[in-house]
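Before any comments, here is the structure.
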Amino acid sequence: MNELQSAKHPVNLRLPDGSVRTFDGPVTGTTLAADIGPGLLKAALAIKVNGELMDLSREISEDSDVAIITKRDAEGLEIIRHDAAHIMAEAVQELFPGTQVTIGPVIEDGFFYDFARDKPFTEDDLAVIEKRMNEIVERDEEIIREVWDRDEAIAYFKKIGEHYKAELIEAIPAGEDVSIYKQGTWLDLCRGPHLPSTGKLGNAFKLMKVAGAYWRGDSKNAMLTRIYGTAWTDKKDLKAYITRLEEAAKRDHRKLGQEMDLFHLQPEAQGSVFWHPKGYIIWRQLEAYMRRRLDAAGYVEVKTPQLMDVNQWERSGHWGKYSENMFAVPDEVPQGEGDGPVFKGDGAMMAMKPMNCPAHILVFKQGIKSYRDLPIRMAEFGCCHRNEPHGALHGIMRVRQFTQDDAHIFCREDQLIDEIVQFCDLLDSVYQDLGFDKYEIKLALRPEKRFGTDAEWDRAEQILRDAVAKAGRASEEYGWEELEGEGAFYAPKLEFHLTDAIGRTWQVGTIQADTVLPERLDASYVGEDGAKHRPVMLHRAILGTFERFIGILIEHYAGKLPLWLAPTQAVVTPITSEADAYATEVAETLKAAGLRVSTDLRNEKINYKIREHSHAKVPLILVVGAREAESRKVSVRRLGSNDQTVMDLDALVTTVTEEAKVPTGA
RNA sequence: GCUGCUGUAGCUCAGGGGUAGAGCACUCCCUUGGUAAGGGAGAGGCCGGGAGUUCAAAUCUCCCCAGCAGCACCA
């Protein structure tokens, strides 16, 4: 096939255990695997040569470090998923002629393939495609790699009507060869590597859902039809994955929010939350907690207007860069009976704030600030409105009205690093208090649409880098990484991503170093030299928004909130109505100690009541009967536990009050 | 905003051109029961909204609206 084959010198291959096998000449991975043993030959999926993954059929003609990849290796699983995507594409093209293939990558837990077809696929098609995939696995088609000339490949794919593929190959530099993989009569452009044959895929795969997706991820392009699948090395893993999805669904804040009577949403206020009394207790607890932490960290709190004249937003730059996401109303007074409300007029326009920053600068600008006043850490639990695309709305996690734990730190440039480090420490401590012990930090760099000069961005980005390093968090442990083009239009930002109880990540906290807005809105302070200087402004949030953060808390704890956040901390319920009076007394005693307690005196069996309050995720169920009433004790049953302990009422008050204490970051 | 799916009782869902169904929840009655569903009776619906086809529409068609899953968006 090529000159490698004719090379006739011995080839030494070193295996991961350090042993070396010598061959007379070039050798394929298959031969090597067979040489080691028939078991490995059967299990072999691919080979790693000097760190590079290759097909088993590729010849190795030089001395190399090699490792046979099986399904036990992470790379093996990736190859399996990649082949699952190819086999799905083959099945689709057999079943639905005229469908064009585009791209089909491996993703977390599975794969997808995007197809171009006049009529999008529906969920009903999945079973049929899956069946055909199984047949292709049965056929055990050999997967063969070929190297084609780029231009020939383009011509070929154009000829068979695969215009998207042709476009993909056109992106490959002229003169380069491309690799093509054939299985049966089907073929695809692909970098590889792939399994030796389709039979190696096994049957631990499942097609999950169909969805639309834009060609090349751009909403200006055609919408393709995407099929998502999952694939594993064996049925057991597949089942575990399905179980994991089911467990995640059980934590869904929308479901728990309804079951626990925390909030609701309805079309008349699309994207805005109706907080019910129980849900709002969580909010109030969280807000009170944050307020204490901010007070202790030297912040001052303000409250600024919901509506401001559009000209103010023009000055800040929001109107130019962000107006499509802003709600605006004409500032016009109705002229007489039946004339209001006015929707259209030539008068001034007012806009709902989508952010708090401009108003905070206006507060800062009142009076003359001295360098001695800095830093000023100005906090607001600011309620903002953003007109989000309808398709983006999601429960209480992505809404159109939300309240941020927002603050802006006005400081001198020489104070920046210290302020950022202090912020990192505060944020770390808040996350700990709220039950999250792992989070990642990313640096979002300048976006295309932005204000300010490159020099300003260089400086701002470097300050964030330096600060995170100084805070000791620019490490792998914190998933440190820099993201191109992800920054805000006025500043680069550090993003803090929480990891929840089941390993999902949520971007919540942020801090942004901004020199642009103070400039645009002309904020200044008097320096030591008596001259005017620009302050730098740090935009920062720890929770992000209350709506989203409470959603995350619900999912993280699966509704079983820690005692200090739980809407109802305890329910007291008697075994029979004989103990009603004592149950009421217990409840009153706990309430007097500052706890959120209710009684359940209904004429129901104790089993029934336990079940109901367990479902409602009440942390403590306090059962009292004649025995407890007699001895002034309480039978305590904790959520999630099947047994109970009997305690003296006095001891219970002490224990529970202690346990319900709001954390202080200590 | 785009693609697909869904919308029936407070909740979870069945039904499918000819008088609207179940379980749970709710109300009342019986039951006083020691740690995750005791029994009975009752009440509850413009079948998301609008238009069309039809003797007849919850059911078929079209248009809206909302929800869900992705995509795009998340300054």
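Here is how names work: the chains are called A, B, and so on, in the same order as the sequence lines, proteins then strands, and each is numbered from 1. What you see is a predicted model, and the numbers here were worked out from it, not measured in a lab.
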Nucleotide paired to [N] in any strand shown, Watson-Crick or G-U, under 3.5 Å:
N	answer
B/A22	B/U12
B/C68	B/G4
B/G17	none
B/U27	B/A41
B/C60	B/G52
B/A36	none

Atom pair distance, as rounded to whole Å: [atom1] in [X] and [atom2] in [N]:
X	N	atom1	atom2	answer
A/D118	B/G4	CG	C1'	16 Å
A/D218	B/C71	CG	C1'	11 Å
A/R637	B/G34	CZ	P	15 Å
A/R602	B/U32	CZ	P	18 Å
A/E604	B/C29	CD	C1'	13 Å
A/M208	B/C68	CE	C1'	15 Å
A/M223	B/G4	CE	P	9 Å
A/E246	B/A69	CD	P	16 Å

Using the [atom1] atom on both, measure [N] against [M] and round to a whole Å.
N	M	atom1	result
B/A22	B/A36	C1'	23 Å
B/A69	B/C13	P	14 Å
B/C73	B/U59	C1'	38 Å
B/U32	B/G38	P	14 Å
B/G21	B/C71	C1'	39 Å
B/G1	B/A57	P	32 Å
B/G45	B/G33	P	38 Å
B/G17	B/G50	P	22 Å

Taking all heavy atoms of [X] and all of [Y], pick out the closest pair and write down the distance.
X	Y	result
A/M397	A/G551	CE-C, 3.5 Å
A/R450	A/K321	N-CE, 3.8 Å
A/I103	A/P105	C-CD, 3.8 Å
A/C384	A/N356	SG-OD1, 3.6 Å

Below 4.0 angstrom from OP1 or OP2 of [N], is there any side-chain N or O of [X]?
X	N	result
A/H394	B/A69	yes
A/R254	B/A69	yes
A/Q270	B/A66	yes
A/Y608	B/A25	yes
A/R226	B/G4	no
A/Y322	B/C74	no

Can you see whether A/R459 engages A/Q462 through a side-chain donor-acceptor pair at a distance of less than 3.5 angstrom? no
Among side-chain atoms of A/T304 and A/E380, is any donor-acceptor pair under 3.5 angstrom? yes
Nearest-nucleotide pick for [X], side chain only, options being [options]:
X	options	result
A/I575	B/G1, B/G33, B/C5	B/G33
A/Y228	B/G70, B/A72, B/G34	B/G70
A/Q644	B/U35, B/C73, B/C71	B/U35
A/R611	B/A37, B/U35, B/G70	B/A37

Using heavy-atom distances to pick each residue's nearest nucleotide on RNA chain B, tell me which of A/G217 and A/N607 is more 5'. A/N607
Could you pick out which residue, A/H390 or A/D643, lies toward the 5' side of RNA chain B when each is mapped onto its nearest nucleotide? A/H390
Is there a donor N/O on one and an acceptor N/O on the other, under 3.5 Å, for the side chain of [X] and the base of [N]?
X	N	value
A/R398	B/C73	yes
A/Q266	B/G67	no
A/Y214	B/G1	yes
A/R216	B/A72	no
A/S635	B/U35	yes

State whether A/F112 and A/R226 meet the cation-pi test: NZ (Lys) or CZ (Arg) under 6.0 Å from the six-membered ring centroid, and within 45° of the perpendicular axis. yes
Row check, A/F489 ring normal vs A/K449 NZ/CZ: under 6.0 Å, within 45°: no
Touch class at under 4.0 angstrom, heavy-atom based, for A/K119 against every strand present: nothing
By the 4.0 Å heavy-atom rule, please label A/Q258 as base, sugar-phosphate, or nothing. sugar-phosphate
Could you pull out every donor-acceptor pair under 3.5 Å between side chains of residues 119-132 of chain A and any protein atom, sequence neighbours left out?
from, atom 1, to, atom 2, distance (Å)
A/T122, OG1, A/D124, N, 3.3
A/D125, OD2, A/T122, N, 2.9
A/E130, OE1, A/L207, N, 2.9
A/R132, NE, A/E135, OE1, 3.2
A/R132, NH1, A/E94, OE1, 2.7

